[in-house]
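In what follows, chains carry the letters A, B, and so on, assigned in the order in which the sequence lines appear, proteins first and then strands, with residues in each chain numbered from 1.
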Amino acid sequence: MPRYDARRIEPKWQAYWDQHETFRTPDEVPEGPKFYALDMFPYPSGSGLHVGHPEGYTATDILSRYKRMNGVNVMHPMGWDAFGLPAEQYAIETGTHPRVTTYKNIDTFRRQLKSLGFSYDWSREVATTDIEYVRWTQWIFLQLFDTWYDPGFTWTGPDGKERTGKGRPIAELPIPAEIEQQGDDVVRQYQDDHRLAYQSHAPVNWCPALGTVLANEEVTADGKSERGNHPVERRALRQWMLRITSYAERLGSELDDVNWPESVKLLQRNWIGKSIGAEVDFYCPSLESGGTSGLSASESFEEWKQARSQSKFPAQPEESVLRVYTTRPDTLYGATYMVIAPEHPFVERLTTEENKDAVEEYCRKAGLKSDLDRTDLAKEKTGVFTGSYAVNPVNGEQIPVWIADYVLISYGTGAIMAVPAHDERDLEFAQQFDLPVIEVVETPDDAPNIGFTGEGTAINSGEFTGTPTKEFKRKIIEKLDSEGVGTKAVNYKLRDWLFSRQRYWGEPFPIWHEIDDEGNLTGKMTPVEESELPVELPEMEDFKPKGTPEPPLSFAPEEWLYKIDENGTRWKRETNSMPQWAGSCWYYLRYCDPKNDDAFIDPEKEKYWLPVDLYIGGVEHAVLHLLYARFWHKVLFDLGHVTCPEPFQKLVNQGMILGEAELTGFQDAEGNWISAKELPDNFEGETVSVAAEDVEKQGESFVLKANPSIAIDSRAHKMSKSRGNVINPDDIVSDYGADSLRLYEMFMGPLEQTKPWSMSGVEGVFRFLARVWRMVADDRAEEVQLNDAVQDVEPNEEQLRILHKTIKAVTEDIEKLSFNTAISRMMEFTNEISGQDIRPKAVLEPFVLLLSPFAPHLAEELWELLGHEESLAYAEWPQFDESKMVESEIEIPVQIKGKVRGRVKIAADADQDAMIAAAKTAVADYIEGKDIVKTIAVPGRMVNFVIKG
RNA sequence: GCCGGAGUGGCGGAAUGGCAGACGCGCUGGAUUCAAAAUCCAGUGAGGUAACACUCGUGUGGGUUCGAGUCCCACCUCCGGUACCA
């Protein structure tokens, strides 16, 4: 009884592909066109594959199989983003080494993916935790360590484009004479300060209760730990940073050249956050130390201005000057006070004796707050007056300098001029502390000027009064520039990348720190020799937190942690580890040459396979992963290790798959229904799952049949363990087969769209595959054999037309990644041909090839049944012939004033006159006795008569 | 608040400015069967009719056009992202 039996067919072909290495991409660089189809590799979690994974994976698999059949060399690899917190947490709880857990999970994922029949070249599999992989991750880190960014360097890359700004070897960094004079240590420090990988003391999320440092993602919005809900503090610790900000401009502008969704490009551009404005210097008389005694504030200001008009705008302002960044230099006349961040280096010097206590208290509190606390808009603005004043360079007015945490030290210069009339935040602050507000921009309409932040016309602005905003900006920058008190400036929201974690399960940094006799770092460091790579993680048995923010690696065995070189210098290893992002920044390169011991990738292979032609993954990586990977790629590009400026030519985000749609009703404590429309925000009653037959649609919403005043909530929710709506792909494979799972996920709707799961939908595509099976195979026979209707005869015109239309539609839909419509075209083909008593092989064979990228197991089985001995994986993709698709006669609609009033059959190639003549007969009743004012005839489409009377 | 995406039958969805709802699910009826499952056939937007006809219908209101789900303007709702970046 050979019915369609996925459980027999699928393991058979998976074994065949394995044995024959069907999808092995040759190691050597091939000839001809290539296609690199990449999936965002998964983190192998303990809970196994989720139905969201196979969605993108099936899409790239369809493209890969389709391209192979078109004679293209395909790179289609898979691997594991295997470092990560859960394995380490598990180790803390159970003592099982993270490596053990990780590789066990990888085995599960591999088994699950293999059961879905993806055409990966498994010989290229890599895990970011593999020691040979870690070696090259560390090697790339050393490249970053050995590089500085030269913003003024103009050069032409291997892509033939001229750029300004280049990552260059640190040895090429020019050392200023005054640095050189101060000796080797200062030179070394100068170099260290310019490296793309550098150290800083950045605040981290330290959770005393858990005894560990947390990543930002592990801290909730209200500043508690995600696990356990314990308070989290900010603590400054020595950290590694990557100077991604040097690449901000190129990361933004080079997005223009990639084929990505505009929404993702926009997300990245917003994240980079380029803004253009000016830096302006404000002279602070109280900061002037010595030499000015006897001069009044305004006298010393004039003296300073005089000096500036000679010296021009300096790279670093003097100790007596507050430098601000503003995007609205045109509002300079409206600046009524200044604000500096609590962390600003001038805080202490600006604070007068009588304000000292208040300022210290304020800054201490601000330091404890997380960024999230500080940016909470619901809270009132806070701040404290320093007691000092600064002088507005355009009009000599003295304005007070405040400290407030709404100004961030990490953006711009950490200081602002406040223009409360035309900035919401400044206005709020001014109202809070009763500071003056001066209008300097007039709105183009009747709206009030105060609070207006758009462009208008200047008022109260001295010589500039009456100037439109745009022009004013240009002119004031010119003026400030000529006076040496300001200049045009560009700023980015993007911050440098905090690259170290206080974790065990990550790549160790290949860095040695010199230590003194007490074991303290001297500040001198040296990279691990390339020949010494990789730096392996030390074996440790105890993963428990020690209650201090020291990384776990600082408790590593001494022989790992320390070394003494020949001349007696003692060194300690870096004990931070790299974040999970590190491995995913370059895995797409390693796939092309996964076993290379001499280089992270062979240049020839890089040149051939890169860039990735199609990269599919979730939107959650739209900013961080994709920005980090692009950054590394650009550094490697500048250093000449890769030849294309962008790693991912085309990007597609697959949509989220939600759980099955649910109907939910609400009841109060007494069991009375509450309409979903009247649900209070603080609803605390029962949510009740409602059966579909108890509900009907009324207008826009679903209501209870028994009581139509009660609206029922109908929606699909994100799959989650707590909700209990998680679908396990293994279950679908065992109940319906991998081909059904693949086909269903592609049939659900457009790839990019969020869509709810439906079990009966899975059943539907399973029924389709069973129909395909019966169309070709005899499901009543004892053995697997061809259906009697399948015959080696010439197909008729009708059959050929259906076939060629299907080939055309499926081919074009695959190219567009419109898989749902491709599948419906194959369903239409099957509906037509299944109904015929004679089904020529010559139409079934191309059809099986069309189906094969979607349902490869069934297709291989049918291909074999149709008499082929070789796998269809490299069979030639069917070509369509337009001439076989033409119909001799077609039916078109006939409209009267745009409304369909009849239809008529005409010859397919009928000209307009013939169409109109035929159409008139079809709507004779309507046009009789009427004037035809206008006639529109679209060949092959429709005829429309516009009549009068 | 700002940015992005989306609103089409009971549901998922389809439609180069040209017959709205392809295809699938669900539902109804029928065939097959001792019966069921499976399968096959027919129907299935709403109103209306004995049946046709006809009328209405793509979130709402306007507009452009011979003709609008599709283009333009205004608005509403939902989903996602983001958050004092001067």
> What is the nucleic acid contact for N491(A), judged by heavy atoms within less than 4.0 Å: base, sugar-phosphate only, or nothing?
Replying inline: nothing
>> Check this one for me: any side-chain N or O of K934(A) less than 4.0 Å away from OP1 or OP2 of rC66(B)?
In response: yes
> Hey, do the aromatic rings of F847(A) and F829(A) have their centres closer than 6.0 Å?
Replying inline: yes
> Touch check for S263(A), heavy atoms < 4.0 angstrom, all strands: base, sugar-phosphate only, or nothing?
Replying inline: sugar-phosphate
> Any ion pair linking K705(A) and E696(A) (charged N to carboxylate O, less than 4.0 Å)?
Replying inline: no
>> Classify E752(A) by what it touches in the nucleic acid, base, sugar-phosphate, or nothing, heavy-atom distance under 4.0 Å.
In response: nothing
> With a non-hydrogen cut-off below 4.0 angstrom, is R825(A) in contact with a base, only sugar-phosphate, or nothing?
Replying inline: nothing
>> Quick check: on RNA chain B, is the nucleotide nearest G414(A) upstream (toward 5') of the one nearest G835(A), or the reverse? Name the residue that is more 5'.
In response: G835(A)
>> Applying a 4.0 Å non-hydrogen cut-off, can you work out what I416(A) is touching in the nucleic acid: base, sugar-phosphate, or nothing?
In response: base
> Do NZ/NE/NH1/NH2 and the carboxylate oxygens of K381(A) and E428(A) come within less than 4.0 Å?
Replying inline: yes
> For the pair made of CZ in F819(A) and C1' in rG24(B), what is the distance, rounded to whole Å?
Replying inline: 18 Å
> Stepwise, does the ring pair (Phe, Tyr, Trp, His ring centres under 6.0 Å) test hold for Y926(A) with F945(A)?
Replying inline: CA-CA 10 Å; Y926(A) 288 90; F945(A) 296 112; over 10 Å; no
> Side chain of V407(A): nearest nucleotide among rA86(B), rG13(B), rC78(B)?
Replying inline: rA86(B)
> How is Y337(A) classified with respect to the nucleic acid when contacts are heavy atoms under 4.0 Å: base, sugar-phosphate, or nothing?
Replying inline: nothing
>> So M748(A), base contact, sugar-phosphate only, or nothing? Heavy-atom distance under 4.0 Å.
In response: sugar-phosphate
>> Under 4.0 Å, heavy atoms only, any strand: does G273(A) hit a base, just the sugar-phosphate, or nothing?
In response: nothing
>> Say we look at rA74(B) and rG81(B): how far apart would their C1' atoms be, to the nearest angstrom?
In response: 26 Å
>> Are there over 12 heavy-atom neighbours, none belonging to R7(A), within less than 6.0 Å of that residue's CZ?
In response: no
>> Can you measure M827(A) atom CE to rG13(B) atom C1' for me and round it to whole angstrom units?
In response: 12 Å
> Just checking K697(A): base, sugar-phosphate only, or nothing, at a heavy-atom cut-off of under 4.0 Å?
Replying inline: sugar-phosphate
> Roughly, in whole Å, what's the span from CD in Q895(A) to P in rG18(B)?
Replying inline: 11 Å
> When you match S758(A) and R774(A) each to their closest nucleotide on RNA chain B, which lands nearer the 5' end?
Replying inline: S758(A)
> For the pair made of CD in Q753(A) and C1' in rC78(B), what is the distance, rounded to whole Å?
Replying inline: 14 Å
>> Applying a 4.0 Å non-hydrogen cut-off, can you work out what N820(A) is touching in the nucleic acid: base, sugar-phosphate, or nothing?
In response: sugar-phosphate
> What is the nucleic acid contact for E262(A), judged by heavy atoms within less than 4.0 Å: base, sugar-phosphate only, or nothing?
Replying inline: nothing
> CE of M775(A) versus P of rC40(B): gap in Å, rounded?
Replying inline: 13 Å
> Base, sugar-phosphate alone, or nothing: which one does R901(A) contact when heavy atoms must sit under 4.0 Å apart?
Replying inline: sugar-phosphate
>> Can you measure R941(A) atom CZ to rC66(B) atom P for me and round it to whole angstrom units?
In response: 20 Å
>> Expressed as a whole number of angstroms, how long is the span from R767(A):CZ to rA38(B):C1'?
In response: 10 Å
> If you measure from the P atom in rC52(B) to the same atom in rA46(B), how many Å do you get, rounded?
Replying inline: 14 Å
